[in-house]
S.K.: 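Quick one: structure below, then a few questions.
What you see is a predicted model, and the numbers here were worked out from it, not measured in a lab.
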Amino acid sequence: MPARSTVCAHLLGLVRGLVNVRGQLTVCVALESLLQIDAARADPERSSASAAGVLGRRLVVLSLQDQRLAFESDEVHGAHRYDPALVGEVPGTVALASAAFSTGVLAMENRSVGLLDDGLVLSAINRRLG
């Protein structure tokens, strides 16, 4: 008889499942859930194109010390070095939930890119995972 699995209600919406990253099982989270972002509302054109399979999503692995987790992203432009002096302040229009994890905004290739504090993100996810 197979072992019973238990659904943890407090994890619904945060944990997407497990992914195999270089032979190691890694928890895949819904980062938009933590940041309280409605992905479909944020960019309806991108959401409908993504749902239709036009745009592929990428898997991003966040690793800090001995902790790892993965999340999906609509866009990945690689890893970039930047001058901390070029980081601007988080605008007041950013939602309070995501602002708690934001450290600043960086202009990159004619776009504004929000910077998240990886330690705060991992810590918040670990608290919710229990």
S.K.: Please identify each residue that fulfils side-chain hydrogen bond (donor to acceptor under 3.5 Å, both in side chains) with His77, with sequence neighbours left out.
M.R.: Glu75

S.K.: To the closest 0.5 Å, what do you measure between CZ (Phe71) and CG (Leu35)?
M.R.: 9.0 Å

S.K.: List for me each residue that meets side chain to side chain contact (heavy atoms under 4.5 Å, CB included) alongside Val121, sequence neighbours excluded, and say none if there are none.
M.R.: Leu31, Leu34, Leu62, Phe101, Leu116, Ile125

S.K.: Working note: Val105 + Leu115, criterion side-chain contact (heavy atoms from CB on, under 4.5 Å); need CA distance, chi angles, decisive distance, verdict.
M.R.: CA-CA 6 Å; Val105 176; Leu115 302 175; over 6 Å; no

S.K.: Contact between Val61 and Leu69 at the side-chain level, heavy atoms closer than 4.5 Å - yes or no?
M.R.: no

S.K.: Rounded to the nearest 0.5 Å, what's the gap from CD on Glu89 to OG1 on Thr103? Could you check?
M.R.: 12.0 Å

S.K.: CZ of Arg57 to CG of Leu59: how many Å apart, nearest 0.5 Å?
M.R.: 10.0 Å

S.K.: Is there a path of hydrophobic side-chain contacts, each under 4.5 Å between heavy atoms of I/L/V/M/F/W/Y residues, joining Leu14 to Leu64?
M.R.: yes

S.K.: Check salt bridge (charged side-chain N to carboxylate O under 4.0 Å, His left out) between Arg68 and all other residues, then give those that pass, not counting sequence neighbours.
M.R.: none

S.K.: Which heavy-atom pair separates Ser102 from Val90 by the least distance, and what is that distance?
M.R.: CB-CG2, 3.6 Å

S.K.: Val19, Val76: one ILVMFWY side-chain cluster at the under-4.5 Å cut-off?
M.R.: no

S.K.: Hey, are Glu72 and Arg16 close enough for a salt bridge, meaning a charged N less than 4.0 Å from a carboxylate O?
M.R.: yes

S.K.: Return the set of residues passing side chain to side chain contact (heavy atoms under 4.5 Å, CB included) with Asn20 (not counting sequence neighbours), or none when no residue passes.
M.R.: none

S.K.: Only counting residues at least two apart or in another chain, list the ones meeting side chain to side chain contact (heavy atoms under 4.5 Å, CB included) with Leu25.
M.R.: Leu18

S.K.: After noting the C-alpha distance and the side-chain angles of Val15 and Val27, does the key distance pass the side-chain contact (heavy atoms from CB on, under 4.5 Å) rule?
M.R.: CA-CA 7 Å; Val15 176; Val27 175; 4.2 Å; yes

S.K.: Can you tell me how far the CD atom of Gln67 sits from the CD atom of Gln65, to the nearest 0.5 Å?
M.R.: 7.0 Å

S.K.: List in chain and number order the residues that pass side-chain hydrogen bond (donor to acceptor under 3.5 Å, both in side chains) with Ser123, two or more places apart in sequence or in another chain; answer none if no residue qualifies.
M.R.: Arg127

